[in-house]
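In this text the structure is predicted, and so the values were computed from the model without any measurement.
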Amino acid sequence: MDDRTQILGQPVVTGGSRTQMGAGRTQMGTPATGFDPMRTAMGTPMQTVEVECLPGNRYAYGPEVTRDHALVILKASGQQLGRRAPINICLCIDRSGSMEGPPLEFAKRACEYVVDMLEPNDILSIVTFEEQVDVLMPARRIVNKALIKEHIRRLEVGNTTNLYDGLIAGCMQIASVQAQTPGYVNRVLLLTDGEPTVGLKDYNSIVQQVGEQKARGISITALGFGQEYNEELMAGIARRSGGNYYYIERPDLLPEVFRRELETLMTIVAKNVRVRFQLSRWSRVRQVYGSQPAFGSGSVEVTVPDIERGTVRTVLAELEFDRHPAGIFRVAKAEVFYDDVVNNRPERSAADCVFEFTNDQALVAGGINPTVRNELDIAQASTNLQRTMMGMRTQQLTAMGAMSELQKTRTILMQAGQSQQAQQLDAAMQSLRRGGGDVEKTLMGAIVDIDQGKR
């Protein structure tokens, strides 16, 4: 027996497995406790994150196996709701020999800037790494700022780069607080100017460990400085953990980037965000753009980066449907789970993804949702950038050819309203014209921004 739910007075048919109410992107969410489908459908003003799920097309062609898209939109309230959540942050700083001189001096200034911005209820730890890993300051509340800054000023460079052990030591500092005092926004800020040269160096192993940290509620922001660091590794760390990625060209930019990241952390209203698609038995998820989904029995789940106040996160999935009779049917539910930082409680909300199956191809041709179409264009831009980077690395693209491809992708981003990412492509093209070696680092930043779905 199919379970039937009324939406706008018409029967919506889901598969034989009875799915729970989920959360999508523009429909307002509902708390996990006392879940109320009507409140989810109508919206609840007190919800920190509103949720909606949009079909890529109002119609689907029923006589054939067909594909389309579902767009989940998570929109955080723009209002300042009381005091911000406290931050549990670890500064994980590379002090290998290549950081000698201005890089380390500006890194010290950046760390001091973080100390000045934090409040007594925040928690800070500082880990440094070269060949050895040192916990300069264990996790503790900010009490004596002058003493903390004095310890920072004493930092000196060492030898090689044991990035992995330094990173894990930083995560352990975060976890030591997390186990005792929940409710903090947890983040490691990893700054390095080079490749791992000692300790664990394998990309897949490092990123896998980072994914395990994310499962524990710890995100890592990767800050790559200069020309020598591995942008693929740093971007992989940021993407897998739900943190941010920055390419920092000059040492004097370090304090400003640290400030920007800290201000972002201070506005987070939802953390540990997950989107789960509960599928009807005749529906499948083929891919979730920019994500590595976990496939379950009748469901697919992805993690989403933390959401700041007044921002939007998007998740775009490609769906496939079996042949289906005409009528309005629910093809999936999008459930959203997150920790409400404002109210310090877990939340859950849901939205249906509904298509009208028809035998009229003309209706399908005219039913495209422009919002979803725009999001698909943005996803295509990310694919284009990855292809361009690969062409440059394998020398299948000349500098002129790469410039042409970047210009095309920039046009797509501008038309899709992604001006910030378009500006990153401007910077990459300028570097390409002057023969700079930072083109791929800049492009990687644009790809990470696009794939994280922050709009």
D449/R455 under salt bridge (Lys or Arg N to Asp or Glu O under 4.0 Å): CA gap, chis, key distance, verdict
CA-CA 9 Å; D449 286 349; R455 305 290 182 249; over 6 Å; no
Which heavy atom of [X] sits nearest to which heavy atom of [Y], and what is that distance?
X: F106; Y: P251; result: CB-O, 3.0 Å
X: I412; Y: D377; result: CG2-O, 3.5 Å
X: G243; Y: S219; result: N-CB, 4.3 Å
X: R323; Y: P63; result: CD-O, 2.9 Å
X: F129; Y: G166; result: CB-CA, 4.0 Å
X: A332; Y: S280; result: N-OG, 4.2 Å

So, [X] and [Y], do they make that salt bridge, N to O below 4.0 Å?
X: R187; Y: E261; value: yes
X: E263; Y: R260; value: no
X: E212; Y: R240; value: no
X: E375; Y: R373; value: no
X: K454; Y: E308; value: yes
X: R393; Y: E440; value: yes
X: R286; Y: D68; value: no
X: K75; Y: E50; value: no

Is there a donor-acceptor contact under 3.5 Å from the side chain of [X] to the main chain of [Y]?
X: N374; Y: A416; answer: yes
X: N230; Y: E195; answer: no
X: T161; Y: L163; answer: no
X: S291; Y: P293; answer: no
X: D122; Y: I87; answer: yes
X: N343; Y: R345; answer: no
X: S241; Y: I237; answer: yes
X: S283; Y: L279; answer: no
X: S404; Y: M400; answer: no

Inter-residue atom distance [X].[atom1] - [Y].[atom2], 0.5 Å rounding:
X: E405; Y: R387; atom1: CD; atom2: CZ; answer: 8.0 Å
X: D339; Y: I268; atom1: CG; atom2: CD1; answer: 12.0 Å
X: M234; Y: I220; atom1: CE; atom2: CD1; answer: 10.0 Å
X: L74; Y: T311; atom1: CG; atom2: OG1; answer: 9.5 Å
X: I450; Y: L413; atom1: CD1; atom2: CG; answer: 4.5 Å
X: R276; Y: T303; atom1: CZ; atom2: OG1; answer: 13.0 Å

Sub-4.5 Å side-chain heavy-atom contact between [X] and [Y]:
X: V49; Y: E347; answer: no
X: I168; Y: M172; answer: yes
X: P325; Y: F329; answer: yes
X: I123; Y: I89; answer: no
X: V185; Y: N88; answer: no
X: L376; Y: Y289; answer: yes
X: L406; Y: T388; answer: yes
X: E335; Y: V275; answer: no

Full working for side-chain hydrogen bond (donor to acceptor under 3.5 Å, both in side chains) between Q380 and N384:
CA-CA 6 Å; Q380 184 60 53; N384 292 349; 2.9 Å; yes
Greater than 12 external heavy atoms within 6.0 Å of [X]'s [atom1]:
X: R274; atom1: CZ; answer: yes
X: M266; atom1: CE; answer: yes
X: Q227; atom1: CD; answer: yes

Would a line drawn from the ring center of F321 to the ring center of F355 be shorter than 6.0 Å?
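Ring centroids of F321 and F355 are less than 6.0 Å from each other.
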Under 6.0 Å between ring centres, would you say that holds for F225 and Y247?
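Not under 6.0 Å, so no.
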From L191, L190, L223, residue fulfilling side-chain contact (heavy atoms from CB on, under 4.5 Å) relative to I93:
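The side-chain contact (heavy atoms from CB on, under 4.5 Å) with I93 is passed solely by L191 among L191, L190, L223.
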Consider side-chain contact (heavy atoms from CB on, under 4.5 Å). Of D340, V341, I307, which one does T48 pass it with?
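The side-chain contact (heavy atoms from CB on, under 4.5 Å) with T48 is passed solely by D340 among D340, V341, I307.
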Side chain to side chain contact (heavy atoms under 4.5 Å, CB included) evaluation trace for L167 with V210
CA-CA 9 Å; L167 178 58; V210 166; 4.0 Å; yes
Walk me through it: do L91 and V127 pass the test side chain to side chain contact (heavy atoms under 4.5 Å, CB included)?
CA-CA 6 Å; L91 304 178; V127 170; over 6 Å; no
Measure from NZ or CZ of R259 to the centre of the six-membered ring of Y113 and say whether it is under 6.0 Å with the direction within 45° of the ring axis.
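Pair R259/Y113 does not count as cation-pi.
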When you measure from the centre of the six-membered ring of Y229, is the NZ or CZ of K441 closer than 6.0 Å and no more than 45° off the axis?
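Yes; both conditions hold, so K441 lies above the ring face of Y229.
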I'd like to know whether V273 forms a side chain to side chain contact (heavy atoms under 4.5 Å, CB included) with R313, so could you lay out the CA-CA distance, the side-chain angles of the two residues, the decisive distance to 0.1 Å, and finally the verdict.
CA-CA 10 Å; V273 186; R313 293 279 185 185; over 6 Å; no
Go through it in stages, so that I can follow the logic: the residues are D451 and Q386, the test is side chain to side chain contact (heavy atoms under 4.5 Å, CB included), and I'd like the CA-CA distance, side-chain angles, deciding distance and then a yes or no.
CA-CA 11 Å; D451 289 349; Q386 293 176 61; 4.2 Å; yes
Whether H324 and W282 hold their rings parallel, tilted or perpendicular, with breakpoints at 30° and 60°:
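H324 vs W282 ring planes: tilted.
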Could you walk me through whether R330 and D352 pass the salt bridge (Lys or Arg N to Asp or Glu O under 4.0 Å) test, one step at a time?
CA-CA 6 Å; R330 180 178 61 199; D352 290 323; 3.5 Å; yes
Chi angles and distances behind the salt bridge (Lys or Arg N to Asp or Glu O under 4.0 Å) call for D322, R284
CA-CA 9 Å; D322 291 337; R284 293 169 292 279; 2.7 Å; yes
